[in-house]
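Note sheet for the following structure.
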Protein chains: 2
Amino acid sequence: MRPLFHPALEDIRPEAILYALSDPERAAIFAWLSGAGCGRTCSALGQLGERVIPKSSLSNHFKVLRESGLILSERQGIEMRNQTRCAELDERFPGLIKAILTAYGELPGQPKAD
Amino acid sequence: MRPLFHPALEDIRPEAILYALSDPERAAIFAWLSGAGCGRTCSALGQLGERVIPKSSLSNHFKVLRESGLILSERQGIEMRNQTRCAELDERFPGLIKAILTAYGELPGQPKAD
DNA sequence: ATCAACAGTTCCGAATTTCTGAACTACGGA
DNA sequence: TCCGTAGTTCAGAAATTCGGAACTGTTGAT
């Protein structure tokens with residue numbers, strides 16, 4: 001298991017953010033994380049809709065979120081704690097994250113916050 | 001040439017917007033269009049960076065932008081006039097488009113407005 | 001120390017998507 | 001009618017995504 005890569009704030013690219021959040025499943029994961037005060041684990045996620053997400057896909061979703069700069073992942077014993085980088089991100093791209101989450105939120109039948 | 005499809009405002013999906021604008025080339029085209037008062041043609045675009053975009057790719061970019069709901073295309077004689085749907089979009093997804101354009105704008109060496 | 005269970009990652013082949021040159025359609029002018 | 005221009009469609013190659021199976025690393029039990 002190679003060490004996890006997190007881009008520095010100044011290396012975060014808008015296209016990576018948009019790409020990462022253009023997948024509704026990933027956006028739902030991100031929304032769910034951003035509703036949590038502190039870190040959440042990958043497996044605590046369970047199901048996000050009707051579909052059960054295979055764990056290799058889940059792992060990949062987290063990787064995309066992490067490498068785009070949206071989240072911070074930290075191994076803690078057996079599990080991985082994930083949290084958003086919202087505060088930093090808002091500094092670099094003002095209003096972006098909020099507008100995106102709001103856009104998804106507008107729609108009926110979207111992910112529950114918890 | 002089949003008729004052009006444009007989604008109704010209420011059918012526009014956030015994931016489609018994010019996806020469309022997650023390609024820097026498309027985002028640059030959109031930014032360029034949004035800097036224009038009235039419609040602009042596809043070929044008026046010329047080059048957008050160092051790379052010359054093949055016309056089939058360009059055509060596809062415009063199609064993605066159109067079908068995601070970002071732009072309105074209208075055939076006018078021999079050419080196609082394109083304009084953004086910014087006003088409508090801002091009503092549906094407040095602040096989203098502006099935040100995205102700003103995010104791209106933050107970066108050095110991005111598309112010139114004209 | 002050895003073993004088993006668990007959380008998550010990596011690998012790799014299949015399926016899907018993207019890209020773009022070439023052929024094509026549509027319109028306008030000479 | 002024939003030509004040039006604007007843009008679209010087609011089709012095959014290249015790249016990306018998806019997900020099952022095998023693997024890594026950690027903890028706790030025996």
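Any value given below was found using the heavy atoms of this structure, including those in side chains, with hydrogens, waters and symmetry copies removed.
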Protein-nucleotide distance ([X], atom [atom1]; [N], atom [atom2]), rounded to Å:
| X | N | atom1 | atom2 | value |
| --- | --- | --- | --- | --- |
| A/Glu74 | C/dG8 | CD | P | 14 Å |
| B/Arg40 | D/dG7 | CZ | C1' | 19 Å |
| B/Ile78 | C/dA30 | CD1 | P | 12 Å |
| B/Arg81 | D/dG7 | CZ | P | 9 Å |
| B/Gln76 | C/dG28 | CD | P | 11 Å |
| B/Asp23 | C/dT18 | CG | C1' | 10 Å |
| A/Leu58 | D/dG19 | CG | P | 11 Å |
| A/Asn60 | D/dG20 | CG | C1' | 14 Å |

Quick check: is [Y] connected to [X] through a chain of hydrophobic side chains (ILVMFWY, heavy atoms under 4.5 Å apart)?
| X | Y | answer |
| --- | --- | --- |
| A/Val64 | A/Trp32 | no |
| B/Phe30 | B/Tyr19 | no |
| B/Phe93 | B/Leu9 | yes |
| B/Ile100 | B/Leu33 | yes |

Upstream residue (5' side of DNA chain D) when B/Met80 and A/Gly77 are each assigned their closest nucleotide: B/Met80

Got a minute to check which stems DNA chain C is part of, using Watson-Crick or G-U wobble pairs under 3.5 Å, three or more consecutive? C:1-30 with D:1-30

DNA chain C: B/His61 or A/Lys55, which has the more 5' nearest nucleotide? A/Lys55

Is there a salt bridge (Lys or Arg N to Asp or Glu O under 4.0 Å) between A/Glu10 and A/Arg92 once you walk through the steps? CA-CA 8 Å; A/Glu10 63 270 23; A/Arg92 179 145 160 74; over 6 Å; no

Has [X] got a side-chain N or O lying under 4.0 Å from the OP1 or OP2 atom of [N]?
| X | N | value |
| --- | --- | --- |
| A/Arg26 | D/dT17 | no |
| A/Ser59 | C/dT9 | yes |
| A/Arg75 | D/dT24 | no |
| A/Ser57 | D/dC18 | no |

So if I take every side-chain heavy atom of A/Ser56 and compare against C/dG8, C/dT10, D/dG7, which nucleotide ends up nearest? C/dT10

Backbone of A/Arg40 reached by a side-chain donor or acceptor of A/Asn82 within 3.5 Å: yes

Show your working on side chain to side chain contact (heavy atoms under 4.5 Å, CB included) between B/Leu101 and B/Ser34 and close with a plain yes or no. CA-CA 9 Å; B/Leu101 290 179; B/Ser34 71; 3.7 Å; yes

